[in-house]
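Heavy-atom basis, side chains included; hydrogens, waters and symmetry copies ignored. This one's a predicted model, so the numbers in the text were calculated from it and none came from an experiment.
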There are 2 protein chains.
Amino acid sequence: MEGSAARPRTRIQTEKREAILEAALDVFSAHGYRGSTIDQIAAAAGMSKPNLLYYFRRKDDIYKALIQRLLDTWLAPLRELDDDGDPITELRSYIRRKLEMARDFPRESRLFANEILQGAPRILPMLEGELKSLVDEKVLVMKGWIRAGKIARTDPWHLIFAIWATTQHYADFDAQVRAVLGPDRGGDGRFEDAARFLEGLFIEGLRPKR
Amino acid sequence: MEGSAARPRTRIQTEKREAILEAALDVFSAHGYRGSTIDQIAAAAGMSKPNLLYYFRRKDDIYKALIQRLLDTWLAPLRELDDDGDPITELRSYIRRKLEMARDFPRESRLFANEILQGAPRILPMLEGELKSLVDEKVLVMKGWIRAGKIARTDPWHLIFAIWATTQHYADFDAQVRAVLGPDRGGDGRFEDAARFLEGLFIEGLRPKR
DNA sequence: CTAACCTTTGTCCATTCGGTCAAAAATGCG
DNA sequence: CGCATTTTTGACCGAATGGACAAAGGTTAG
């Protein structure tokens with residue numbers, strides 16, 4: 001359903017399209033869709049604007065291709081949540097994986113955050129489709145864990161939201177995190193600190209033992 | 001430091017400036033700074049563009065005035081965190097207040113989110129100044145609670161981040177929350193569910209009792 | 001080598017956008 | 001009322017932006 005004929009993709013096309021998407025990730029994640037210009041992306045990709053438009057005919061096409069390509073990567077951590085593993089361990093691992101994503105792929109995180117902030121105008125179908133299905137599936141897994149008494153009785157949907165929120169916060173709100181922590185605590189160690197904290201929070205909560 | 005002479009503010013000026021800021025909150029929070037146009041704001045405020053520019057001479061002036069006016073409101077919940085109260089109760093209340101803000105002032109939440117996502121170019125000084133001071137102060141309060149054994153040994157900075165992240169998530173990522181919950185669970189009850197969930201999470205964690 | 005195809009570029013265009021300006025309309029005050 | 005001040009508007013401008021296009025420059029297969 002993308003043009004009437006198949007696309008034969010030459011070597012150059014593959015390479016250039018890749019370079020454009022990489023540049024577009026940089027630009028879109030930093031300035032949002034409306035805040036980014038084709039010229040910026042072209043410059044970042046090391047080519048002229050008309051040349052870029054030869055590979056993607058519209059600005060919107062770049063954006064869509066980018067999001068399409070990223071969605072799988074983005075959902076991978078949740079997909080790995082294993083029904084058969086030990087529940088507490090599985091959740092711990094999921095939180096760790098998500099936090100690593102925030103650390104290693106902040107541009108991807110910000111791209112999605114930007115899109116959703118504006119009401120997800122271009123990806124709402126994906127959220128209601130792929131994403132919802134995946135979440136529904138994992139919610140069932142968690143409900144099983146609750147029934148088995150392996151984790152506390154809690155709301156699986158909101159648990160997933162809480163994990164998303166707390167981990168992605170370190171990518172999306174990085175500027176604020178750094179500003180508040182200051183130069184000393186805001187260095188590279190902040191992800192270690194966050195990992196330790198989140199583990200304690202999600203597993204044990206704040207009430208003091210004894 | 002804003003013009004050499006004081007501004008006498010007539011009645012009409014007060015009213016119109018108010019209307020403009022209200023309209024600007026609507027527009028800026030929905031589309032971000034670059035994504036919003038003066039025409040949109042003027043239309044939303046029910047006046048012509050040149051007329052709007054009579055009250056705020058630049059687009060940036062509107063934005064700055066808006067943020068300035070909102071910052072106090074935004075930080076109020078944290079300010080209320082009371083050193084002398086019962087720690088668990090205080091934290092519970094803080095979470096509830098923040099969640100109410102996400103429910104009742106989603107535009108304000110999205111405005112700040114948008115700004116910080118782009119690296120907080122226009123409000124970084126405020127984050128490093130007012131916000132950091134307030135956080136530093138409350139961190140000391142929490143450290144006192146920890147020393148007194150009233151809450152678990154945890155990282156107060158990241159605790160604050162976690163509360164911000166989980167509560168604001170329901171405003172900033174509303175589109176995603178609704179998409180994932182679907183029409184039935186995504187209705188008005190979602191804030192009640194979130195409140196119950198977050199209380200359980202922060203206080204008790206996920207490990208099952210017994 | 002050469003013809004067919006792919007890639008790149010300079011130029012151009014219409015629209016949008018932030019902002020100006022002078023003149024008209026409304027308001028308020030003595 | 002009459003005059004000064006404030007408010008509103010229509011017309012306009014330059015810069016930026018998304019995109020079109022045809023011509024020029026490369027690449028590759030026969």
Side-chain angles (χ1 to χ4, degrees), chain A residues 2-28 30-67 114-115 118 121-122, chain B residues 2-28 30-67 114-115 118 121-122:
Chain A
E2 119 161 349
S4 46
R7 61 266 154 97
R9 290 292 157 78
T10 69
R11 174 186 55 85
I12 292 186
Q13 268 177 29
T14 313
E15 289 173 8
K16 291 295 171 78
R17 286 177 63 97
E18 182 58 34
I20 291 170
L21 290 176
E22 164 64 22
L25 176 56
D26 242 44
V27 176
F28 280 136
H31 310 288
Y33 182 80
R34 290 277 319 258
S36 305
T37 71
I38 300 185
D39 288 277
Q40 277 176 71
I41 299 174
M47 62 182 75
S48 66
K49 178 170 69 167
N51 196 8
L52 181 149
L53 285 169
Y54 169 73
Y55 293 101
F56 293 90
R57 295 180 53 196
R58 309 178 192 190
K59 184 184 178 184
D60 195 63
D61 291 347
I62 312 175
Y63 192 78
K64 281 186 183 145
L66 193 55
I67 288 202
N114 242 312
E115 172 69 13
Q118 328 250 312
R122 308 160 216 274
Chain B
E2 118 165 346
S4 44
R7 59 266 154 97
R9 289 294 156 78
T10 70
R11 176 185 55 86
I12 292 187
Q13 268 178 27
T14 313
E15 288 173 10
K16 292 295 172 80
R17 287 177 64 96
E18 182 58 34
I20 292 169
L21 290 177
E22 163 65 23
L25 176 56
D26 242 43
V27 177
F28 280 136
H31 310 288
Y33 182 80
R34 290 277 319 257
S36 305
T37 71
I38 298 184
D39 288 277
Q40 277 177 73
I41 299 173
M47 62 182 74
S48 66
K49 178 171 68 169
N51 196 7
L52 182 149
L53 285 169
Y54 169 73
Y55 293 101
F56 293 91
R57 296 181 51 197
R58 304 167 189 234
K59 184 183 179 184
D60 196 63
D61 291 345
I62 312 175
Y63 193 78
K64 279 187 185 144
L66 193 55
I67 287 203
N114 244 313
E115 172 70 13
Q118 327 251 316
R122 309 162 216 272

- request: State whether B:Arg11 places a side-chain N or O below 4.0 Å from either non-bridging phosphate oxygen (OP1 or OP2) of C:dT27.
  value: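 No, no such contact exists.
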task: Look at A:Gln13 and C:dT7 and indicate whether a side-chain polar atom (N or O) is within less than 4.0 Å of OP1 or OP2.
output: yes
Between [N] ([atom2]) and [X] ([atom1]): distance, integer Å:
{"X": "B:Ile62", "N": "C:dG19", "atom1": "CD1", "atom2": "C1'", "value": "12 Å"}
{"X": "B:Asp60", "N": "C:dG19", "atom1": "CG", "atom2": "C1'", "value": "13 Å"}
{"X": "B:Arg17", "N": "D:dT7", "atom1": "CZ", "atom2": "C1'", "value": "15 Å"}
{"X": "A:Arg57", "N": "C:dT7", "atom1": "CZ", "atom2": "C1'", "value": "16 Å"}
{"X": "A:His31", "N": "D:dA16", "atom1": "NE2", "atom2": "C1'", "value": "15 Å"}

field: Residues in salt bridge (charged side-chain N to carboxylate O under 4.0 Å, His left out) contact with A:Asp61, at least two apart in sequence or another chain
entry: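 So A:Asp61 forms no salt bridge (charged side-chain N to carboxylate O under 4.0 Å, His left out) with any residue.
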- line: Sorted by chain and residue number, the salt bridge (charged side-chain N to carboxylate O under 4.0 Å, His left out) partners of A:Lys49 (sequence neighbours excluded) come out as A:Asp39
- request: Could you pull out all residues at least two apart from A:Arg122 that satisfy side-chain hydrogen bond (donor to acceptor under 3.5 Å, both in side chains)?
  value: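 Applying side-chain hydrogen bond (donor to acceptor under 3.5 Å, both in side chains) to A:Arg122 gives A:Asp60.
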Counterpart residues, side-chain hydrogen bond (donor to acceptor under 3.5 Å, both in side chains), relative to A:Ser36 (two or more places apart): none
- prompt: Can you list the residues that meet the ring-ring contact (aromatic ring centres under 6.0 Å, His included) rule with B:Tyr63, with sequence neighbours excluded?
  reply: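 Listed in chain order: B:Phe28, B:Tyr33.
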Between the protein and nucleotides 8-18 of chain C, are there any N/O to N/O pairs under 3.5 Å, and if so, what are the atom names and distances?
from   : atom 1 : to      : atom 2 : distance (Å)
C:dT8  : OP1    : A:Lys16 : NZ     : 2.4
C:dT8  : OP2    : A:Asn51 : OD1    : 3.1
C:dT8  : OP2    : A:Asn51 : ND2    : 3.4
C:dT8  : OP2    : A:Tyr55 : OH     : 2.5
C:dT8  : O5'    : A:Asn51 : ND2    : 3.2
C:dT9  : OP2    : A:Ser48 : OG     : 3.2
C:dG18 : OP1    : B:Ser36 : O      : 3.2
C:dG18 : OP1    : B:Lys59 : NZ     : 3.0
C:dG18 : OP2    : B:Ile38 : N      : 2.9
C:dG18 : N7     : B:Lys49 : NZ     : 3.0

field: Close side-chain approach of B:His31 to B:Asn114, heavy-atom, < 4.5 Å
entry: no
